[in-house]
Number of protein chains: 2
Amino acid sequence: MDECKANTALDILIGKWKPIILYHLGQSGTLRFSGLQRAIPEITKKMLTAQLRELEYHDIVHREIYMQIPPKVEYSITEYGQTLFPIIEMMHNWGQKHVDHLEEKYGDGSEEAVRENIN
Amino acid sequence: MDECKANTALDILIGKWKPIILYHLGQSGTLRFSGLQRAIPEITKKMLTAQLRELEYHDIVHREIYMQIPPKVEYSITEYGQTLFPIIEMMHNWGQKHVDHLEEKYGDGSEEAVRENIN
DNA sequence: CGGGATCCACAGTGATACTG
DNA sequence: CAGTATCACTGTGGATCCCG
């Protein structure tokens with residue numbers, strides 16, 4: 001059961017938006033809440049908040065609050081969170097290859113099938 | 001949006017039991033349906049079937065059916081599926097470190113908090 | 001600006017019983 | 001032995017409105 005702690009890592013990455021959030025934070029270093037919203041327009045505030053809170057709980061991102069009006073909150077990746085990046089990158093690369101693999105299997109005829117897996 | 005194909009890989013790994021199934025198949029090479037059930041006693045037949053079907057669909061595992069009475073079906077990892085292992089292993093290692101990280105943060109005092117994350 | 005609160009839809013998971 | 005079928009539950013994700 002706990003022979004495989006891959007789930008532990010998986011749990012942290014799971015969540016429709018977490019990889020993307022991490023990706024953007026990784027690119028920009030630090031982003032405000034509104035900045036993340038702009039970077040990921042489809043996400044709702046609720047989800048963004050929720051996912052950030054989870055990441056914060058797991059000590060992957062840091063939340064810096066500036067007590068002022070209007071409020072300002074900045075998110076950044078913790079040093080610890082950095083250690084996740086190699087994994088994300090590997091998954092990204094693998095995902096890329098997987099898309100190619102699918103094209104090879106089903107040919108270019110059925111782009112829908114491929115597109116389904118890109119989503 | 002498709003800058004981050006980590007989701008593609010994530011999609012394939014997601015599913016409460018997939019990493020564990022892959023882990024056991026990786027260990028044993030080939031396993032029968034009942035063998036997997038024995039290896040993962042908590043899983044229901046329904047879930048095992050469902051997850052195996054998904055993995056099969058993604059070309060990660062191979063399903064070999066022996067037409068006979070009683071039925072016999074063997075599951076094994078495809079060559080392509082092997083390419084996933086480095087990622088799983090990385091996640092496993094990271095998960096292990098994460099558990100240690102939590103202990104460091106919260107100390108041994110609150111084992112519940114740790115246990116929550118092991119689940 | 002950066003949320004919180006509430007309500008809702010649906011996919012994933014699970015227990016149980018049945019089948020070729 | 002290796003599944004299918006059915007039903008129930010639960011958490012995630014989403015829309016909308018409200019707040020300091």
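In what follows, chains are A, B, ... by sequence order, proteins preceding strands, each numbered from 1.
Across all strands shown, B/K45 has heavy atoms under 4.0 Å from base atoms, whether or not it also approaches the sugar-phosphate. Within the 4.0 angstrom heavy-atom criterion, only backbone atoms of the sugar-phosphate kind lie near A/Q51; the bases stay farther away. Using a 4.0 Å heavy-atom criterion, one finds that A/Y66 contacts no nucleic acid atom at all.
Put simply, CG on B/L48 is 16 Å from C1' on C/dG12, counting in whole angstrom units. Atom CD1 in A/I65 sits about 10 Å away from atom P in C/dG4, given to the nearest Å. At whole-Å resolution of the value, CG in B/L36 and C1' in D/dA2 are 12 Å apart. In this structure, CG of A/L55 is placed 13 Å from P of D/dT12, rounded to the nearest angstrom. Here the C1' atom of nucleotide C/dT19 and the NZ atom of B/K46 are 17 Å apart, to the nearest Å. Here the P atom of nucleotide C/dC1 and the CG atom of A/L31 are 15 Å apart, to the nearest Å. The separation between A/E64 atom CD and C/dC1 atom C1' is 16 Å, rounded to whole Å. For the pair A/I43 CD1 and D/dG13 C1', the interatomic distance rounds to 10 Å; values are reported in whole Å.
Comparing A/I14 and A/P71 by the nucleotide of DNA chain D whose heavy atom lies nearest to each, the residue mapping closer to the 5' end is A/I14. Place B/W17 and A/S34 on DNA chain C by their nearest nucleotides, and A/S34 ends up nearer the 5' end.
At least one side-chain nitrogen or oxygen of A/R63 sits closer than 4.0 Å to the OP1 or OP2 atom of C/dG3. Contact annotation: B/T44 does not reach the phosphate of C/dT16 (side-chain N/O to OP1 or OP2, under 4.0 Å).
With respect to B/L52, the side chain to side chain contact (heavy atoms under 4.5 Å, CB included) criterion is satisfied by exactly one of B/I21, B/I60, B/V73: B/I21. Partner of A/V61 under the side chain to side chain contact (heavy atoms under 4.5 Å, CB included) criterion, out of A/L22, A/T78, A/L31: A/L22 alone.
The side chain of B/P70 approaches D/dC1 more closely than any other nucleotide in the set C/dA15, D/dC1, D/dG3. Of the candidates C/dG2, D/dA2, C/dA15, D/dA2 carries the atom nearest the B/K72 side chain, counting heavy atoms from C-beta on. If you check C/dC1, D/dG3, C/dA15 against the side chain of A/R32, the one that comes closest is C/dC1. Side-chain proximity of B/R53 to the nucleotides D/dG3, D/dA2, C/dG2 is greatest for D/dG3. Distance from the side chain of B/T49 is smallest to D/dT4 among D/dT4, C/dG3, C/dG14. In the set D/dG13, C/dG3, D/dA2, the nucleotide with an atom closest to the side chain of A/F33 is C/dG3. The side chain of B/Y75 approaches D/dG3 more closely than any other nucleotide in the set C/dT13, D/dG3, C/dG2.
In the displayed structure, B/K72 atom NZ is contacted under 6.0 Å by more than 12 heavy atoms of other residues, nucleotides or ligands. No more than 12 heavy atoms of other residues, nucleotides or ligands lie within 6.0 Å of CD in A/E79, so this atom counts as exposed by the packing criterion.
Cluster annotation: A/I65 and A/L25 are assigned to the same hydrophobic cluster (Ile/Leu/Val/Met/Phe/Trp/Tyr, side-chain heavy-atom contacts under 4.5 Å, transitive).
For B/H98 and A/Y80, the gap between ring centers is short of 6.0 Å.
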